[in-house]
Q: 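Can you keep this structure in mind? I'll have questions shortly.
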Number of protein chains: 2
Amino acid sequence: MKKGRVTIKDIARELNIAPSTVSRALNDHPAIKKETKDAVKALAEALDYQPNLLALNLLQKKSNTIGVIVPEITGHFFSAIITGIQDVIVDSEYNIMICLSNESYEEELTIVKRLSKIQIDGVLVAPSSETKNFDHFRRLQKSGIPVVVFDRDCPGLEADKVLVDDYFGAFQAVDYLIGTGCKNIAHLGGPLNLSTTEQRLQGYLDALEKNEIPLKKDHIVHVPGFSHKDAVKATKRLLELPERPDAIFAYNDKIAISAMHIAKKAGLQIPEEVSVIGFDDEPHSSFITPSLSTVWQPVYGMGMLSARILLSHLKNQNTALDFRKEVFKPELVIRASSREK
Amino acid sequence: MKKGRVTIKDIARELNIAPSTVSRALNDHPAIKKETKDAVKALAEALDYQPNLLALNLLQKKSNTIGVIVPEITGHFFSAIITGIQDVIVDSEYNIMICLSNESYEEELTIVKRLSKIQIDGVLVAPSSETKNFDHFRRLQKSGIPVVVFDRDCPGLEADKVLVDDYFGAFQAVDYLIGTGCKNIAHLGGPLNLSTTEQRLQGYLDALEKNEIPLKKDHIVHVPGFSHKDAVKATKRLLELPERPDAIFAYNDKIAISAMHIAKKAGLQIPEEVSVIGFDDEPHSSFITPSLSTVWQPVYGMGMLSARILLSHLKNQNTALDFRKEVFKPELVIRASSREK
DNA sequence: TTGTAGGCGTTATCAG
DNA sequence: CTGATAACGCCTACAA
């Protein structure tokens with residue numbers, strides 16, 4: 001009785017052949033007699049032989065694992081993206097290691113170092129909201145590890161990117177609000193420094209300009225973090241303005257919902273007195289009262305595409321510099337928190 | 001110029017010493033002269049030497065990775081648990097591999113096989129709602145891999161368990177409803193076969209019995225899956241009953257919110273005509289209208305404790321059979337979807 | 001205090 | 001068609 005798992009050596013000894021023959025038989029090497037191949041496979045089956053992937057990893061100098069770095073997973077957005085990634089990767093030989101940066105640049109750095117240590121084969125990343133410097137990703141690329149950026153762009157970083165046309169979504173939303181007669185549209189922006197924040201703000205600005213609505217600077221308030229408290233504070237500031245906004249375009253549903261909560265508490269009718277439009281179309285956004293108008297993003301599809309792009313690099317040893325940039329179109333979803341046109 | 005990363009051999013050659021000496025120096029072996037130790041460490045630093053964990057894995061026959069199996073992550077519940085797990089594990093030498101079973105027994109089996117193949121060191125698992133047979137977990141245990149079960153119990157499986165007293169939470173909720181004058185309390189149960197479904201149902205039943213309220217069998221409807229559609233269908237069945245319920249205790253917030261949605265659509269006042277209490281206390285449950293009464297669970301803490309228990313096993317090589325069973329107490333959170341006492 | 005040799009499990013290369 | 005050997009990078013007896 002041998003201890004531990006069976007190895008090809010065990011099978012070889014049993015069959016009085018060389019380990020290398022066993023290895024070839026198991027791998028369907030063309031130059032192996034059918035008989036021996038069958039014999040080996042039969043015994044392997046009988047002994048419940050499991051190849052030792054750890055040994056393979058060492059030999060091939062790769063971990064057969066890809067890393068996924070996201071800021072958090074408690075919201076629906078990144079969870080859905082990850083589900084999309086997962087659904088693609090499970091059909092490959094790769095394993096996924098999900099890492100949470102908690103929106104912290106420091107933690108993101110630590111994660112990258114860790115992934116690099118375990119010889120990760122590829123990385124999918126949505127950078128933290130603090131991340132301004134992308135050298136850690138460049139270091140990965142230099143050591144031959146393909147990096148695919150999703151959702152949040154890394155300006156200046158040459159890599160594959162799977163993004164959403166946030167500008168377009170924001171423009172549509174604000175343009176719609178204007179179409180319903182809103183004149184004083186405020187923007188609850190996301191954390192500064194995020195590409196998505198930037199893009200959505202720009203969409204807001206351009207929609208105003210296109211409709212010749214003068215911009216009021218104090219109608220733009222950036223929510224520093226993703227907590228309810230931050231959103232509440234920002235909303236209160238808006239509602240206490242002398243010229244109270246008659247509409248709010250929020251960076252995302254979470255903030256929009258907090259804003260609606262505060263507005264309702266202040267006795268304001270939604271959408272009669274204040275219209276609200278969010279971004280993301282989280283599943284529960286249609287269940288709140290009034291149901292939230294928002295901008296839908298193809299989260300699941302983004303996850304799948306990101307994973308597919310990474311896999312193709314991994315397969316083709318594609319060191320080529322032909323980075324892909326895929327931009328999904330979001331869609332405006334009108335519900336009850338905004339007025340009719 | 002050598003290609004690839006630096007190894008201890010490179011350092012050894014450079015310093016004209018044996019690789020084993022380098023290894024020992026790097027690991028602070030006591031029997032190494034301070035001078036050589038310093039020299040080695042200095043050169044290692046200079047050359048940016050990174051130990052090859054893949055080689056270590058093979059040597060130690062372990063992957064330094066623990067697997068986390070959950071049914072899904074798009075809801076808040078498991079995401080929050082995972083965040084708790086992650087926050088504990090990052091401080092250890094282990095990596096986490098998160099795997100989604102999609103509530104499927106088949107996929108769970110596949111995952112377990114995969115984890116076993118990559119020589120996972122330990123497993124944290126919340127079984128799928130389809131899983132009735134736990135032999136795959138037993139197989140892991142037999143091969144020396146500690147298994148910690150969380151949230152959903154595996155009856156009959158001897159393993160560490162981190163659970164919530166679902167019975168207690170359900171009992172409290174229903175008892176409260178009765179205290180507010182509800183006489184016809186229905187239960188929207190979870191998928192059959194889940195320990196949590198079972199426990200919450202039992203709490204419901206016992207609360208009725210304690211208050212001497214006769215049970216009406218058709219007031220119990222089990223929602224087969226976790227989709228909105230399933231919940232809607234189940235709710236409609238309840239509301240069309242000749243003796244319409246004046247309260248609904250739902251398996252979780254998701255179902256409760258769907259139910260409220262339907263009830264409101266049907267023109268029913270909540271909580272005046274129908275009280276609703278959910279389970280889980282998802283973050284957005286306080287933002288819907290009316291805000292949802294529910295049962296809070298210490299999700300983050302459960303994640304942390306589960307991870308700590310697993311780590312302690314890993315550290316102590318604890319093959320011992322002293323399995324821990326930790327049961328957290330949930331807390332009733334009363335909001336606006338239920339009446340005052 | 002340090003060097004040598006062997007092995008972890010697998011595959012690839014080169015013989016035979 | 002198959003066998004022996006070396007190698008992946010590191011560690012750990014055993015020797016010196």
Side-chain angles (χ1 to χ4, degrees), chain A residues 2-41 43-44 47-65 93 116-121 143-144, chain B residues 2-41 43-44 47-65 93 116-121 143-144:
Chain A
K2 51 226 102 177
K3 53 197 167 172
R5 34 168 74 205
V6 254
T7 73
I8 48 172
K9 281 187 186 172
D10 297 324
I11 299 181
R13 201 179 318 115
E14 198 87 9
L15 258 38
N16 269 317
I17 55 178
S20 50
T21 308
V22 175
S23 168
R24 282 184 280 237
L26 257 15
N27 291 311
D28 275 324
H29 190 104
I32 291 282
K33 222 192 316 178
K34 188 150 192 282
E35 293 168 43
T36 41
K37 207 180 273 186
D38 290 345
V40 168
K41 285 189 175 173
L43 187 56
L47 261 42
D48 188 32
Y49 164 76
Q50 303 277 36
N52 186 332
L53 301 184
L54 264 29
L56 264 191
N57 289 346
L58 173 57
L59 204 57
Q60 304 169 175
K61 297 175 183 226
K62 51 181 285 213
S63 59
N64 280 300
T65 301
E93 76 265 33
S116 158
K117 255 192 190 163
I118 65 169
Q119 258 120 307
I120 210 84
D121 296 333
S143 56
Chain B
K2 53 226 105 182
K3 50 195 168 173
R5 34 169 74 205
V6 270
T7 73
I8 50 171
K9 279 187 186 170
D10 298 324
I11 299 181
R13 199 178 320 115
E14 197 88 9
L15 258 39
N16 269 318
I17 57 178
S20 54
T21 308
V22 176
S23 168
R24 284 185 276 240
L26 256 16
N27 292 309
D28 275 325
H29 189 105
I32 292 286
K33 223 193 312 178
K34 188 151 192 283
E35 293 167 44
T36 42
K37 207 181 274 188
D38 290 345
V40 167
K41 284 189 176 174
L43 187 57
L47 262 41
D48 188 31
Y49 164 76
Q50 301 276 36
N52 185 331
L53 300 185
L54 265 27
L56 266 191
N57 288 346
L58 174 58
L59 204 59
Q60 302 168 177
K61 298 175 183 222
K62 51 181 284 207
S63 59
N64 280 300
T65 301
E93 75 265 33
S116 157
K117 255 193 189 163
I118 65 170
Q119 259 119 309
I120 209 82
D121 295 334
S143 57

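So you know, we letter chains A, B, ... as the sequences are listed, proteins then strands, and number each from 1.
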Q: How close do B:Ile120 and B:Thr65 get, counting heavy atoms only, and between which atoms?
A: CG1-O, 3.3 Å

Q: Tell me whether the OP1 or OP2 atom of D:dC10 has a side-chain N or O from B:Ser23 closer than 4.0 Å.
A: no

Q: Using a cut-off of 4.0 Å on non-hydrogen atoms, how would the nucleic acid contact of A:Leu58 be classed: base, sugar-phosphate, or nothing?
A: base

Q: Taking OP1 and OP2 of C:dG7, is either one under 4.0 Å from a side-chain nitrogen or oxygen of A:Lys9?
A: no

Q: Please report the distance, rounded to the nearest Å, between NZ in A:Lys62 and P in D:dG9.
A: 16 Å

Q: I need the minimum non-hydrogen distance between B:Gln60 and B:Asn64, along with the two atoms involved.
A: NE2-ND2, 3.8 Å

Q: Using whole Å, report how far CD of B:Glu35 lies from C1' of C:dT2.
A: 13 Å

Q: Describe the nucleic acid contact of A:Ile8 in one word from base, sugar-phosphate, nothing, applying a heavy-atom distance below 4.0 Å.
A: base

Q: If I compare all heavy atoms of A:Ile8 with all of A:Tyr49, which pair ends up nearest, and what's the gap?
A: CG2-OH, 3.5 Å

Q: Starting from P on C:dT1, measure out to CG on B:Leu15 and report it in whole angstrom.
A: 17 Å

Q: Provide, to the nearest angstrom, the distance between the CD1 atom belonging to A:Ile11 and the P atom belonging to C:dT11.
A: 11 Å

Q: Can you tell me the distance, in whole Å, between the CG atom of A:Leu54 and the C1' atom of D:dG9?
A: 13 Å

Q: Could you tell me the separation between the CD atom of B:Gln119 and the P atom of C:dT10, rounded to a whole number of Å?
A: 9 Å

Q: Write down the distance between CG (B:Leu59) and P (C:dG6), rounded to a whole number of angstrom.
A: 16 Å

Q: Closer than 4.0 angstrom, basic N to acidic O: yes or no for B:Asp38 and B:Lys41?
A: no

Q: Looking at every heavy atom in both B:Ala18 and B:Ala12, which two are closest together, and how far apart are they?
A: C-CB, 3.8 Å

Q: Hey, does the side chain of B:Asn52 reach the backbone of B:Leu54 with a donor-acceptor pair shorter than 3.5 angstrom?
A: yes

Q: Look at the side-chain N and O atoms of B:Lys61 and state whether any lies under 4.0 Å from the OP1 or OP2 oxygen of C:dG9.
A: yes

Q: For B:Gln119 versus B:Ser63, what's the shortest heavy-atom pair and its separation?
A: O-OG, 2.8 Å

Q: Hey, what are the protein-to-nucleotides 1-3 of chain D N/O distances that come in under 3.5 Å?
A:
residue: D:dT2; atom: OP2; partner: A:Lys33; partner atom: N; Å: 3.0
residue: D:dT2; atom: OP2; partner: A:Thr36; partner atom: OG1; Å: 3.0
residue: D:dG3; atom: OP2; partner: A:Ala18; partner atom: N; Å: 3.0
residue: D:dG3; atom: OP2; partner: A:Thr21; partner atom: OG1; Å: 2.3
residue: D:dG3; atom: N7; partner: A:Arg24; partner atom: NH2; Å: 2.7
residue: D:dG3; atom: O6; partner: A:Arg24; partner atom: NH1; Å: 2.9
residue: D:dG3; atom: O6; partner: A:Arg24; partner atom: NH2; Å: 3.0

Q: Can you see if the side chain of A:Asn27 gets near the phosphate of C:dT11 - specifically, an N or O under 4.0 Å from OP1 or OP2?
A: yes

Q: In whole Å, what is the span from the CG atom of B:Asn64 to the C1' atom of D:dG9?
A: 15 Å

